2 protein chains.
Amino acid sequence: MLPYILLGLINNQTKMSGYQISQEFNHEIGEFWHASHSQIYPELQRMISDGWIEPDAEVSDSKSIFYLITFDGKNILQEWLSEPLSEKDDLFSLKLYFIKNQDSPLLRELVEQQLQINSSHYEHLRSRRELVFPDEASIQNSYGHSLILNRAIERERNHINWLKSTLDNLE
Amino acid sequence: MLPYILLGLINNQTKMSGYQISQEFNHEIGEFWHASHSQIYPELQRMISDGWIEPDAEVSDSKSIFYLITFDGKNILQEWLSEPLSEKDDLFSLKLYFIKNQDSPLLRELVEQQLQINSSHYEHLRSRRELVFPDEASIQNSYGHSLILNRAIERERNHINWLKSTLDNLE
DNA sequence: AATGGCATGTAAGCTGTTACATGATTTT
DNA sequence: AAAATCATGTAACAGCTTACATGCCATT
């Protein structure tokens with residue numbers, strides 16, 4: 001996963017140093033993913049030898065080493081972004097982060113896919129609740145469990161509503 | 001983390017086998033945590049040597065090995081449940097799962113702690129949005145990023161509302 | 001008789017964290 | 001002058017997954 005994320009970050013900003021990337025994880029993208037510098041630096045070396053990125057040849061005033069995404073790297077990134085979302089992983093937010101343009105067809109695709117996933121998850125949770133907590137006694141018996149099942153259902157409901165209204169705004 | 005979860009599961013059900021525990025992760029608790037059998041079996045052995053659990057001495061008809069929580073184990077579990085929630089980790093749902101009784105003082109404590117965490121997170125996200133997306137141009141510039149920031153804020157808002165209404169119901 | 005689920009265990013490998021290390025620059 | 005931040009790297013370790021391995025029992 002990590003190489004795709006580094007690819008996405010470098011692509012978003014045109015050029016980035018390892019240090020800048022590690023700083024990014026303290027801010028916005030840190031909501032969805034984290035990587036420490038000891039993971040980032042070796043991964044960048046691997047990506048160079050795979051030909052996904054290249055060090056910026058421009059003479060730089062600073063001590064940082066900047067990396068650029070290659071043609072191959074751009075293709076790899078687009079391929080990864082186009083891969084269908086899966087139930088596990090939950091890469092929805094992460095992938096959205098790498099889509100800059102409102103008109104990208106990927107945007108609508110991703111939202112629709114996520115809507116499918118959340119809808120089926122929502123139905124699954126509701127049927128579990130019916131099964132596991134059919135009466136008041138079963139709730140009193142495992143009160144914490146019933147609370148978090150309710151919470152999970154409410155979370156899915158809210159996410160579905162947000163996705164639907166976002167789709168509407170995308171027209 | 002894993003040993004506490006196994007402790008909580010065994011405590012919830014009085015006695016459990018390794019296989020039963022691994023099955024649990026396919027159902028309800030699988031929403032919040034997962035562990036494979038190759039992790040569970042060695043961990044159970046460690047917990048025996050630590051004196052947290054013990055194999056059920058009763059002659060069992062089945063081939064399964066059942067484990068019981070010890071006195072020490074119960075104390076360890078209660079200690080862990082009582083530890084304040086932290087920003088990272090997100091153990092709220094997991095810990096709730098191990099609280100069976102509606103009248104447990106821990107229940108209210110956990111909900112109030114989580115409310116604090118979500119409230120401060122909510123404020124942080126809102127100030128980030130003001131900072132990063134001050135005008136329409138900045139939104140158009142990183143549309144996917146703005147979407148997921150909006151989503152994160154909405155998610156926190158919804159969680160906060162749920163926690164508040166749950167607190168009211170606990171009264 | 002063969003397939004699949006029950007039940008337990010070990011081994012290899014990947015991912016990620018914490019700690020160790022170094023040196024330059026900037027701030028106090 | 002000292003402390004903090006910038007900047008890059010390596011090493012040791014913890015946690016978890018996948019694959020390997022075995023044997024019993026129930027169903028088809």
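The chains referred to below are lettered A, B, ... by the order of the sequence lines, with proteins before strands, and numbering in each begins at 1. All values reported here derive from a predicted model rather than from experimental measurement.
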C:dT8 OP1/OP2 closer than 4.0 Å to side-chain N/O of B:Tyr41: yes
Ring geometry between A:His159 and A:Trp162 (parallel below 30°, tilted from 30 to 60°, perpendicular above 60°): tilted
Stepwise side chain to side chain donor-acceptor pair (under 3.5 Å) check, A:Asn169 with A:Thr166: CA-CA 5 Å; A:Asn169 287 341; A:Thr166 298; 5.7 Å; no
Criterion ring-ring contact (aromatic ring centres under 6.0 Å, His included) against A:Tyr4, the qualifying member of A:Tyr97, A:Trp33, A:Trp52: A:Trp52
Spacing between B:Met16 atom CE and C:dT8 atom P, to the nearest angstrom: 11 Å
B:Gln39 vs D:dT17: side-chain N/O to OP1/OP2 distance below 4.0 Å: yes
Whether over 12 other heavy atoms sit under 6.0 Å from A:Gln116 CD: no
Distance, rounded to the nearest Å, where B:Asn26 contributes CG and C:dG5 contributes C1': 13 Å
Value in whole Å for how far the C1' atom of D:dT8 lies from CD of A:Gln45: 10 Å
B:Phe25 CZ - D:dG15 P separation (whole Å): 15 Å
Sugar-phosphate only, base, or nothing, as touched by B:Ser38 at under 4.0 Å among non-hydrogen atoms: base
Worked check of ring-ring contact (aromatic ring centres under 6.0 Å, His included) between A:His145 and A:Phe133: CA-CA 10 Å; A:His145 180 183; A:Phe133 296 110; 5.1 Å; yes
Distance in angstrom units between A:Ile65 CD1 and C:dG23 P, rounded: 16 Å
Side-chain N or O of B:Tyr19 closer than 4.0 Å to phosphate OP1/OP2 of C:dT8: no
Pair B:Arg155 + A:Glu31: basic N to acidic O under 4.0 Å: yes
Nearest-nucleotide 5' precedence on DNA chain C, B:Lys88 against B:Gln20: B:Gln20
Salt bridge A:Arg157-A:Glu154, side-chain N to carboxylate O under 4.0 Å: yes
Between C:dA7 (P) and B:Ile21 (CD1): distance, integer Å: 13 Å
B:Ser36 side chain near D:dC16 phosphate (N/O to OP1/OP2, under 4.0 Å): no
Given D:dC6, C:dA7, D:dA7, the nucleotide with the shortest approach to the side chain of A:Ser64: D:dA7
d(NE2, A:His37; P, D:dA11) in whole Å: 13 Å
Whole angstrom value for the distance that separates C1' of C:dT15 from CD of A:Glu43: 10 Å
Difference in axis direction between the ends of the helix from C:dA1-D:dT28 to C:dT28-D:dA1, five pairs, 10°: 30°
